[in-house]
> 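Before we start, here is the structure in question, set down as C-alpha cells.
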Amino acid sequence: SEIVPNQQTIKYLMKKILIIEDDKSLCSSLEEILTTEGFEVLATPNGVSALEAVPIFNPDLIISDVSMPEMDGYELLAELAKNESWATTPFIFLTAHSEGNYRRKAMELGADDFLIKPFSVDELLLTIDARLKKSEKVRQVSDDRIKSITKSISFSLPHELNTPLSGIIGFSEIMINEADIMTPDEVREMAGFINESSMRLKKTIGKYLNYSKLQVLL
C-alpha cells in the first residue's frame with residue numbers, strides 16, 4: 001500500500017541536514033531516523049569532507065560529532081564561522097563528554113546546541129525542531145527588516161537624488177547662460193555649489209550601492 005507522509009514528515013520536507021560523524025553505526029542510525037522524518041540527509045565522516053560538502057549541499061542545519069579524525073568538530077565550526085554564508089547555519093554538537101568546559105568551548109565557537117551521547121530519538125528531534133524554528137524566526141525578522149528598509153528607501157531615494165541633482169542642473173545653467181558677464185569669483189562660487197551638490201549625490205548613491213550589496217549577502 002502507498003505510504004502517506006504524516007504531518008511531521010511533511011513539515012520537514014525540503015529541509016536539509018548535514019551529519020558529520022565517524023561512527024558508522026551511529027551515522028547510519030541518524031540518517032535513517034532523519035530520512036524517515038522527511039529530511040534530506042547527507043552524511044560525511046569528518047570536518048574536511050564536510051567543508052567540501054557544505055557549499056554543494058547547502059544544509060539548513062548541521063549535526064556534528066566533536067572528536068573526529070583529520071578535522072574535529074571545533075575546527076569545523078571555526079572554519080564555517082569564517083564564511084558569512086554558513087556562519088548562521090544552526091549547528092548541533094554530538095559528544096560523549098558532559099563536562100561543562102566542552103559545552104562552554106562549543107558555545108564560544110558559536111554552536112547552537114549540544115546533545116550528550118547516548119541521546120533518545122525524541123531528544124534529537126526536539127533539538128532539531130527547536131533550532132530550525134529559531135532559525136526560521138531569525139530569517140523572518142531579517143526579511144521583514146529588509147522589506148522595511150526597502151520601503152523607506154523607495155520613498156526617500158527620489159528626494160535624496162533629485163535635491164542635489166537640481167542644484168547641479170540649476171547652477172550649471174546659470175554658468176552657461178551668464179558666462180559672458182560673470183566675474184571669476186562668481187564662477188568659483190557657482191562651481192563650489194555644483195561640487196557640493198555632486199558630492200552629496202555621490203554619497204547618496206554610495207549608500208544605496210552598499211545597501212544593495214547587503215541585500216545580496218542576505
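Below, each value reflects all heavy atoms present in this structure, side chains not excepted, and no hydrogens, waters or symmetry copies.
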> Where do L51 and P55 come nearest, in terms of heavy atoms and distance?
O-CD, 3.2 Å
> Is any side-chain heavy atom of L201 less than 4.5 Å from a side-chain heavy atom of T163?
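No; the side chains remain at least 4.5 Å from each other.
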> For K117, is there an ion pair with E21 - N to carboxylate O distance below 4.0 angstrom?
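Salt bridge: yes.
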> Please enumerate all residues that pass salt bridge (charged side-chain N to carboxylate O under 4.0 Å, His left out) together with E79, with sequence neighbours excluded.
K82
> How close do A43 and C27 get, counting heavy atoms only, and between which atoms?
CB-SG, 3.4 Å
> I'd like to know if the side chain of N177 and the backbone of E173 have a donor-acceptor N/O pair within less than 3.5 Å.
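A pair under 3.5 Å: yes.
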> Look at the side chain of N46 and the backbone N and O of S49, then say whether any donor-acceptor pair between them is shorter than 3.5 Å.
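Yes.
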> Can you give me the closest heavy-atom contact between A87 and A81, atom names plus distance?
CB-O, 3.9 Å
> Group every Ile, Leu, Val, Met, Phe, Trp and Tyr by side-chain heavy-atom contacts under 4.5 Å, then state whether I194 and V187 land in the same group.
yes
> Rounded at 0.5 Å granularity, tell me how far CD in E37 sits from CG in D129.
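So the CD of E37 and the CG of D129 are separated by 10.0 Å.
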> How many angstroms lie between CZ in F57 and CD in E40, if you round to the nearest 0.5 Å?
4.5 Å
> What are the two closest non-hydrogen atoms of S25 and D23, and how far apart are they?
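That would be N-OD1, 3.0 Å.
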> Is there a side-chain contact between L42 and I17 in this structure, where contact means two heavy atoms from C-beta onward sitting under 4.5 Å apart?
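No - every pair of side-chain heavy atoms lies 4.5 Å or more apart.
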> Pick out which of D65, V66, L76, I63 makes a side-chain contact (heavy atoms from CB on, under 4.5 Å) with I20.
L76
> With a 4.5 Å limit on heavy-atom distance, are the side chains of M190 and M182 in contact?
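Yes, side chains in contact.
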> Please collect all salt bridge (charged side-chain N to carboxylate O under 4.0 Å, His left out) contacts where either partner lies in residues 184-199, sequence neighbours excluded, each pair once.
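Passing the test, one end in residues 184-199: D185-R188.
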> So, taking the atom named CZ in F193 and the one named OG in S198, what distance separates them when rounded to the nearest 0.5 Å?
13.0 Å
> Quick one, F39 and L132 - any side-chain contact, counting heavy atoms below 4.5 Å?
yes
> Say you draw a straight line from CD1 of I168 to CG of N195; how long is it, rounded to the nearest 0.5 Å?
9.0 Å
> More than 12 non-hydrogen atoms from neighbouring residues, nucleotides or ligands closer than 6.0 Å to NZ on K134, yes or no?
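Result for NZ/K134: open.
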> Let me confirm one number: the CG-CD distance from L80 to E75, rounded to the nearest 0.5 Å.
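That separation rounds to 12.0 Å.
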> Walk me through whether K16 and D60 qualify under salt bridge (Lys or Arg N to Asp or Glu O under 4.0 Å).
CA-CA 5 Å; K16 298 179 179 180; D60 296 292; over 6 Å; no
> Could you tell me the separation between the CZ atom of F114 and the CG atom of L94, rounded to the nearest 0.5 Å?
9.0 Å
> Identify, with sequence neighbours excluded, every residue that meets side-chain hydrogen bond (donor to acceptor under 3.5 Å, both in side chains) alongside S67.
none
> Please report the shortest heavy-atom distance between A53 and T44, naming the atom on each side.
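Reported closest heavy-atom pair: CB-CG2, 4.2 Å.
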> Can you give me the closest heavy-atom contact between D112 and P90, atom names plus distance?
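Reported closest heavy-atom pair: OD2-CA, 3.2 Å.
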> Under 4.5 Å between side-chain heavy atoms, counting indirect links through other Ile/Leu/Val/Met/Phe/Trp/Tyr residues: same cluster for L126 and I33 or not?
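They do not share one cluster, since no chain of ILVMFWY contacts under 4.5 Å joins L126 to I33.
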> Please check this pair: side chain of R131 against backbone of F91, looking for a donor-acceptor N/O pair closer than 3.5 Å.
no
> Starting from F119, can I reach L61 by hopping between I/L/V/M/F/W/Y residues whose side chains sit under 4.5 Å apart?
yes
> Heavy-atom distance under 4.5 Å between the side chains of I92 and L124, does that happen here?
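Not in contact.
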> Same hydrophobic cluster for M199 and I205, using side-chain heavy-atom links shorter than 4.5 Å among ILVMFWY?
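As far as the 4.5 Å side-chain criterion goes, I205 and M199 are not connected within one cluster.
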> Can you confirm whether more than 12 heavy atoms, excluding those of E32, are under 6.0 Å from its CD atom?
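No.
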